[in-house]
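Note on naming: letters A, B, ... go to the chains in the order of the sequence lines (proteins, then strands), and numbering restarts at 1 for each one.
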2 protein chains.
Amino acid sequence: MQDNSPFHLQDFMPYLLNRAAESTSLEFQKAYKGKYGMLRTEWRVLFHLGRYGSLTAKDICTRASIHKTKVSRAVSALEARRFVVREEMETDRRHALLSLTKAGHAAFDDLIKDAARYNATLMDRFTAEEADTLRRALIKLSTEN
Amino acid sequence: MQDNSPFHLQDFMPYLLNRAAESTSLEFQKAYKGKYGMLRTEWRVLFHLGRYGSLTAKDICTRASIHKTKVSRAVSALEARRFVVREEMETDRRHALLSLTKAGHAAFDDLIKDAARYNATLMDRFTAEEADTLRRALIKLSTEN
DNA sequence: TATTGTTATACTCTATAACTATA
DNA sequence: TATAGTTATAGAGTATAACAATA
């Protein structure tokens with residue numbers, strides 16, 4: 001009665017993925033939350049602005065696959081912390097170009113280093129081939145590319 | 001100024017893991033939520049009782065690494081839906097042995113088939129070796145084993 | 001009418017402290 | 001005192017509808 005199931009939890013991908021995602025996210029959360037009081041979406045928005053330069057909210061939605069309501073709130077929070085400034089575009093006043101302030105850049109530069117270091121410690125456990133397989137598998141498993 | 005960062009988002013493990021976990025979880029959520037109105041923890045508790053037989057709440061906490069407050073609420077919900085019954089143990093009345101009802105077993109049997117099918121479609125995209133690498137990598141990346 | 005962005009709201013998930021009852 | 005389990009509460013994450021302003 002107990003053993004008619006085809007697999008153990010350790011073979012169920014959603015379970016394994018969730019555990020790994022939770023562990024690694026919580027660990028890195030210490031950096032952006034502990035040092036700067038940011039939430040996850042705020043860190044992602046900061047990342048995009050730091051990594052790809054000034055963008056509109058719409059650009060961030062598209063590039064980061066984050067819903068506009070989340071981006072809207074994250075930008076507000078980053079603005080309140082003086083990490084981001086918005087500049088209305090004259091050509092279309094529905095848009096505003098978002099850019100990092102000096103403090104925003106400093107936070108980005110700091111966090112990106114933490115991210116790189118942390119990512120390196122995660123990937124150090126794997127051979128180059130394993131890391132590549134893992135990376136490509138995770139991308140395949142994500143719905144929207 | 002934009003390109004001093006060491007990597008793209010597509011190389012940052014917490015990001016990749018979260019995306020894959022979210023996609024796959026949401027997809028399977030359709031089964032346990034859509035058909036039975038269960039939440040994730042309820043599905044996990046049902047899984048443990050169906051897969052491993054009668055257990056106490058404490059057993060489930062240990063085996064599934066779920067906190068006792070979550071298990072408590074999940075069991076209550078499953079009880080309310082008549083999927084689980086509890087039987088107080090005479091030797092120690094703090095414990096109760098939890099078991100699936102007939103309806104609980106039926107739900108388990110149904111969901112476990114969905115889970116197996118879904119897992120198979122996920123893993124079909126990989127070679128046996130890739131699947132193995134992926135599985136072991138995810139376990140390595142999860143903090144508590 | 002369509003698009004950009006905001007606000008309101010609700011649901012899910014997680015985490016922790018405080019509590020009850022039993023041992 | 002310690003353990004099993006419950007309740008309360010808050011924080012974080014997600015999802016959707018309704019709205020305002022602009023085009």
Side-chain angles (χ1 to χ4, degrees), chain A residues 14-15 17-19 21-30 32-34 36-45 55-80 84 86-98 143-144, chain B residues 14-15 17-19 21-30 32-34 36-45 55-80 84 86-98 143-144:
Chain A
Y15 175 77
L17 288 165
N18 264 306
R19 304 242 312 184
E22 228 175 86
S23 293
T24 59
S25 293
L26 275 179
E27 185 59 29
F28 184 62
Q29 195 188 20
K30 288 179 192 163
Y32 61 76
K33 189 178 174 188
Y36 299 101
M38 284 184 212
L39 300 182
R40 188 193 296 174
T41 310
E42 294 163 28
W43 148 245
R44 285 192 186 165
V45 167
L55 301 166
T56 67
K58 172 75 177 170
D59 292 334
I60 298 176
C61 292
T62 306
R63 303 187 76 131
S65 314
I66 309 177
H67 194 271
K68 60 181 181 171
T69 59
K70 289 191 206 174
V71 170
S72 174
R73 286 177 210 283
V75 168
S76 293
L78 291 169
E79 239 189 324
V84 162
R86 68 179 89 197
E87 183 193 359
E88 267 199 0
M89 292 175 77
E90 285 166 15
T91 53
D92 184 338
R93 283 174 47 221
R94 288 173 306 182
H95 295 270
L97 203 59
L98 304 167
T143 301
E144 28 179 61
Chain B
Y15 174 77
L17 287 165
N18 265 305
R19 302 243 311 184
E22 226 175 89
S23 293
T24 59
S25 293
L26 276 179
E27 185 58 31
F28 184 62
Q29 193 188 19
K30 288 180 192 162
Y32 61 77
K33 190 178 175 189
Y36 299 101
M38 285 186 211
L39 300 182
R40 189 194 295 175
T41 310
E42 294 162 30
W43 148 245
R44 285 191 186 165
V45 167
L55 300 167
T56 66
K58 172 76 177 171
D59 292 335
I60 298 175
C61 292
T62 307
R63 302 187 78 131
S65 313
I66 308 177
H67 193 271
K68 60 181 181 172
T69 59
K70 288 191 205 172
V71 170
S72 175
R73 285 180 211 281
V75 168
S76 293
L78 291 169
E79 238 190 325
V84 162
R86 66 180 90 197
E87 183 193 0
E88 268 200 358
M89 292 175 77
E90 287 166 14
T91 53
D92 184 339
R93 284 174 45 221
R94 288 172 307 181
H95 295 270
L97 203 59
L98 305 167
T143 301
E144 28 178 64

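Checked by distance alone, B:Arg93 brings no side-chain donor or acceptor within 3.5 Å of a matching partner on the base of C:dT22. At a cut-off of 3.5 angstrom, the base of C:dT4 holds no donor-acceptor pair with the side chain of A:Arg94.
A distance of 5.5 Å separates OG of A:Ser76 from CZ of A:Arg86, quoted to the nearest 0.5 Å. Once rounded to the nearest 0.5 Å, the distance linking CE of B:Met38 with CZ of B:Arg44 reads 14.0 Å. With rounding to the nearest 0.5 Å, the separation of OH in B:Tyr32 from OG1 in B:Thr41 is 8.5 Å.
Donor-acceptor pairing under 3.5 Å is recorded for the side chains of B:Asp59 and B:Thr56.
Taking atom CE on A:Met89 and atom P on C:dT3, their separation rounds to 18 Å, with Å as the unit. Rounded to whole angstrom, the span from the CG atom of A:Asn18 across to the P atom of C:dC13 amounts to 10 Å. The NE2-C1' distance, from A:His67 to C:dC11, rounds to 16 Å in whole Å. In this structure, A:Leu39 places its CG atom 9 Å from C1' of D:dG13, rounding to the nearest Å. Atom CZ of B:Arg73 and atom P of C:dC11 are 16 Å apart (whole Å). Atom CD1 in B:Ile66 sits roughly 12 Å away from atom C1' in C:dT14 (whole-Å rounding). Rounded to whole Å, atom P of D:dA4 lies 15 Å from atom CD of B:Glu88. Distance, B:Glu22 CD to C:dC11 P: 20 Å, rounded to whole Å.
If you check C:dT22, C:dT6, D:dG13 against the side chain of B:Asp92, the one that comes closest is C:dT22. Nearest to the side-chain atoms of A:His95 among the listed nucleotides C:dG5, D:dT7, C:dT7 stands C:dG5.
Across the interface with DNA chain C, nearest-nucleotide mapping of B:Thr69 and A:Lys58 shows A:Lys58 to be the residue nearer the 5′ end. Between B:Glu79 and A:Thr41, the residue whose closest nucleotide on DNA chain D is further toward the 5' end is B:Glu79. Toward the 5′ end of DNA chain D lies the nearest nucleotide of B:Ala57, the other residue of the pair B:Leu26 and B:Ala57 mapping further downstream.
Across all strands shown, A:Ser76 has no heavy atoms under 4.0 Å from either base or sugar-phosphate atoms. Counting any heavy atom pair closer than 4.0 Å across all strands shown, B:Arg44 reaches no nucleic acid atom. Counting any heavy atom pair closer than 4.0 Å across all strands shown, B:Lys68 reaches a base atom.
Just one residue in the list A:Leu97, A:Ile60, A:Leu98, A:Val71 forms a side-chain contact (heavy atoms from CB on, under 4.5 Å) with A:Leu55, and that residue is A:Ile60.
Residue B:Lys33 has no polar side-chain atom (N or O) positioned under 4.0 Å from OP1 or OP2 of C:dC11. In this model, the phosphate group of C:dT14 is approached by a side-chain N or O of B:Lys70 to a distance below 4.0 Å at OP1 or OP2. Considering only side-chain N and O atoms, A:Arg40 lies nowhere under 4.0 angstrom from the phosphate OP1 or OP2 of C:dT14.
No side-chain heavy atom of B:Arg73 sits less than 4.5 Å from a side-chain heavy atom of B:Leu39.
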